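Beneath this line is the structure, given in structure tokens, with notes to follow.
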Amino acid sequence: MFFFLGCLLNCTAWAQTPRQAAGEQPDSVASAVRGLQEQVRQLREAVAEMRSEAAQYRAETVALREEVRATREQLAASGGSPAQNTSVATQSAPSSAQTSGVTQATTQSGSVEERVSKLEEESQLLSGKVDEQYQTKVESASKYRVRLSGIVLLNLFSNRGMFDNQDFPNLVSQGNRRGSFGATLRQSELGLEVFGPHIAGASTRGDVQFDFSGGFPDTLNGVTTGLMRLRTATLRLDWSRTSIVAGQDNTFFSPLSPTSFASLAVPAFGYAGNLWGWIPQVRVEHRLVFSNDSNLTFQGGILDNLTGEPPFLQSERLPQAGERSNQPAYASRVAWSRRAFGQPMMIGVGGYYSRQDWGFGNHVDGWAGTADWDLPLSHGFSLSGEFYRGLAVGGLGGGIGRSVIFSGPAYVPGTQVNGLDSVGGWSQLKFRPTAKLEFNGAFGIDNPMAEDIRAYSVSQSYLDPKLFENRGAFVNFIYRPHSNLLFSAEYRRLRTFEIDNGSQSADQINLMMGILF
């Protein structure tokens, strides 16, 4: 019986493990697995105790039934007068105290039998659910298991002011102040995960994630039929304490993002203090385990040296400034995690370096120092966030997406190039009164240094060179009536500052409904 319950918990943990999107940590998963193992152990002990009690009550019931049967046979065999029968009955029947004990034991036995019967029914139900979890959901061309996942997400949004992007905005732009209303499903996601063979003692796994935010087709009402876009695609080799990850993934040295279903296509506060990017990379992770609740994680790797520039051509890929340096970008991170108030706690610090060649002998050394935290404050409350300080990190969303500022046209010899110095970060307060309901409030800011932007009288860049600050804030609630359904509402406010035109602000109310699978 406990075998099925254990299988259910293990399979449920496997089935409900979220996709490791941007920000999920292996140490958090390990802590959750250890918690589940402890629950399984306690459940097995409880089931064993119940089975022992049930066996004892059944034995007592059998003995009592045998005594009653013998008494009845003795009465029937006597065949005497009523007085004799009464005498025999008096001699054979147990005393009133014994009768009371028999009745109580029988009642307890019946109660235990009912409990055992109920447990058997629940076991059959759980067994059916376990079998359902092991069903092949997606057919694979190989013998290895494949799992389909994703979310169908409907966003209804109402804007007051003008954004750069109406459904998931990052900046405020000048324009119609009357606002707009619309709906989109192009933030819906699809994912495939394959579980491969064991190689050199390591389990292998691969996954790929897509959404429909890759632009619009040139057709009528094309804004509602977004183009499919590759988000992440990774291959993993996992040993007990060491992992190797290769593919296109989020920035592991800046792993967290605020909780917002209004911003899945671009993480919340992207270009407003949240460093992020789906960047090809190879990294190694190693964990030092101090106890069941405490470990230290070391991460280090190389990344495609991106600088935030848009593609030069749509049909051909030409090297950009970071790639022209003929070397990758480098990054590392150290994180400590443990459990507090029954929740995972994590603190991490990271570093990043990027050598960039902007042509005509102009070289820039980009760098960033990062810090991230996820701190339980009490039962139900937690505080998370990130901070960065860096130079020429437009490829990570820093500097409002710009790495450098030019004194003139970038293609003209003699044009001077300055790396854009910037600082930013975000923080979020979360409250979860129940497992199905949570409330979030967050604030983010990205602040390029004004002296860098004003260094040239006619500054130029591949994005608006006059932007010198971008702020964002939101409050939302998320309700999950079932494990695969969610309802959410969010109010968001963005404010972008320009050197010449002051500031522009805009607001958005976003209502969301999603089905996860």
Side-chain angles (χ1 to χ4, degrees), residues 18-19 21-24 151-161 163-172 179-189 211 213 255-274 276 343 372-386 397 424-446 470-496 505-516:
R19 304 180 309 275
E24 181 182 18
I151 180 173
V152 177
L153 182 65
L154 170 65
N155 298 78
L156 299 175
F157 55 88
S158 176
N159 299 329
R160 185 173 64 87
F163 292 109
D164 62 331
N165 195 40
Q166 293 301 296
D167 42 4
F168 43 90
N170 298 303
L171 300 170
V172 182
S180 60
F181 175 85
T184 184
L185 281 93
R186 68 190 187 111
Q187 294 200 91
S188 300
E189 298 178 11
D211 65 16
S213 302
L256 304 181
S257 285
T259 306
S260 170
F261 284 98
S263 297
L264 292 185
V266 175
F269 300 147
Y271 310 101
N274 183 13
W276 74 282
Q343 305 175 62
D372 58 89
W373 59 89
D374 189 356
L375 307 175
L377 302 180
S378 66
H379 293 287
F381 285 93
S382 63
L383 180 69
S384 60
E386 292 181 335
W426 61 270
S427 192
Q428 173 184 275
L429 179 64
K430 180 188 294 289
F431 173 54
R432 296 193 67 177
T434 68
K436 296 182 178 181
L437 180 64
E438 68 179 62
F439 299 89
N440 300 284
F443 172 80
I445 182 172
D446 192 85
N470 192 32
R471 299 178 185 175
F474 72 73
V475 291
N476 66 28
F477 79 87
I478 301 170
Y479 175 61
R480 296 177 174 88
H482 301 284
S483 60
N484 61 333
L485 294 177
L486 66 91
F487 299 94
S488 180
E490 179 171 305
Y491 168 74
R492 179 197 316 219
R493 182 173 180 81
L494 284 176
R495 191 173 186 185
T496 303
S505 62
D507 304 274
Q508 182 183 75
I509 296 177
N510 204 315
L511 302 177
M512 293 144 280
M513 180 176 66
I515 300 178
L516 295 101

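Nothing here was measured: the structure is a model prediction, and the numbers come from that model.
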- Is any NZ, NE, NH1 or NH2 atom of the basic residue among R186 and D211 found under 4.0 Å from an Asp or Glu carboxylate oxygen of the other? no
Check whether any side-chain heavy atom of [X] sits under 4.5 Å from a side-chain heavy atom of [Y], and report yes or no.
X: N440; Y: I478; result: yes
X: N274; Y: S257; result: yes
X: K436; Y: P481; result: no
X: Q187; Y: F168; result: yes
X: W426; Y: S384; result: yes
X: F163; Y: L171; result: no
X: F477; Y: L437; result: yes
X: F439; Y: P433; result: yes

- Under the side-chain hydrogen bond (donor to acceptor under 3.5 Å, both in side chains) test, residues paired with D374 that sit two or more places apart: none
Separation of [Y] [atom2] from [X] [atom1] (nearest 0.5 Å):
X: L383; Y: S427; atom1: CG; atom2: OG; result: 4.0 Å
X: F181; Y: I509; atom1: CZ; atom2: CD1; result: 10.5 Å
X: L375; Y: K430; atom1: CG; atom2: NZ; result: 13.5 Å
X: I515; Y: H482; atom1: CD1; atom2: NE2; result: 11.0 Å

- Should the pair W276 and Y271 be assigned to parallel (<30°), tilted (30 to 60°) or perpendicular (>60°) ring geometry? perpendicular
- Message: Angle between ring planes, F487 versus Y479, binned at 30° and 60°: parallel, tilted or perpendicular?
- Response: parallel
- Task: May I have the step-by-step check of side chain to side chain contact (heavy atoms under 4.5 Å, CB included) for D164 and V172, ending in yes or no?
- Result: CA-CA 6 Å; D164 62 331; V172 182; over 6 Å; no
Over all atoms of both residues, closest heavy-atom pair of [X] and [Y]:
X: A265; Y: S213; value: CB-OG, 3.3 Å
X: R493; Y: S505; value: NH2-OG, 3.3 Å
X: P258; Y: F269; value: CG-CD1, 3.6 Å
X: F381; Y: Q343; value: O-NE2, 3.9 Å
X: G385; Y: L256; value: O-CD1, 4.0 Å

- Can you find a side-chain donor-acceptor pair between R492 and S260 that sits under 3.5 Å? no
- Output, in order, the C-alpha distance, side-chain angles, deciding distance and verdict of side chain to side chain contact (heavy atoms under 4.5 Å, CB included) for T259 and E438. CA-CA 10 Å; T259 306; E438 68 179 62; 3.4 Å; yes
- Task: Quick one: do L264 and E189 satisfy side chain to side chain contact (heavy atoms under 4.5 Å, CB included)? Show the steps, please.
- Result: CA-CA 9 Å; L264 292 185; E189 298 178 11; 3.7 Å; yes
- Item | Single hit among T496, N170, D446 for side chain to side chain donor-acceptor pair (under 3.5 Å) with N470 | T496
What pairs of donor and acceptor atoms, side-chain ones from residues 151-161 against any protein atom, are under 3.5 angstrom apart with sequence neighbours left out?
unit_1	atom_1	unit_2	atom_2	d
N155	ND2	N510	OD1	3.3
N159	OD1	Q508	NE2	3.0
N159	ND2	Q166	O	3.1
N159	ND2	Q166	OE1	2.9
N159	ND2	S180	OG	3.3
R160	NE	D507	OD2	3.4
R160	NH2	D507	OD2	2.4

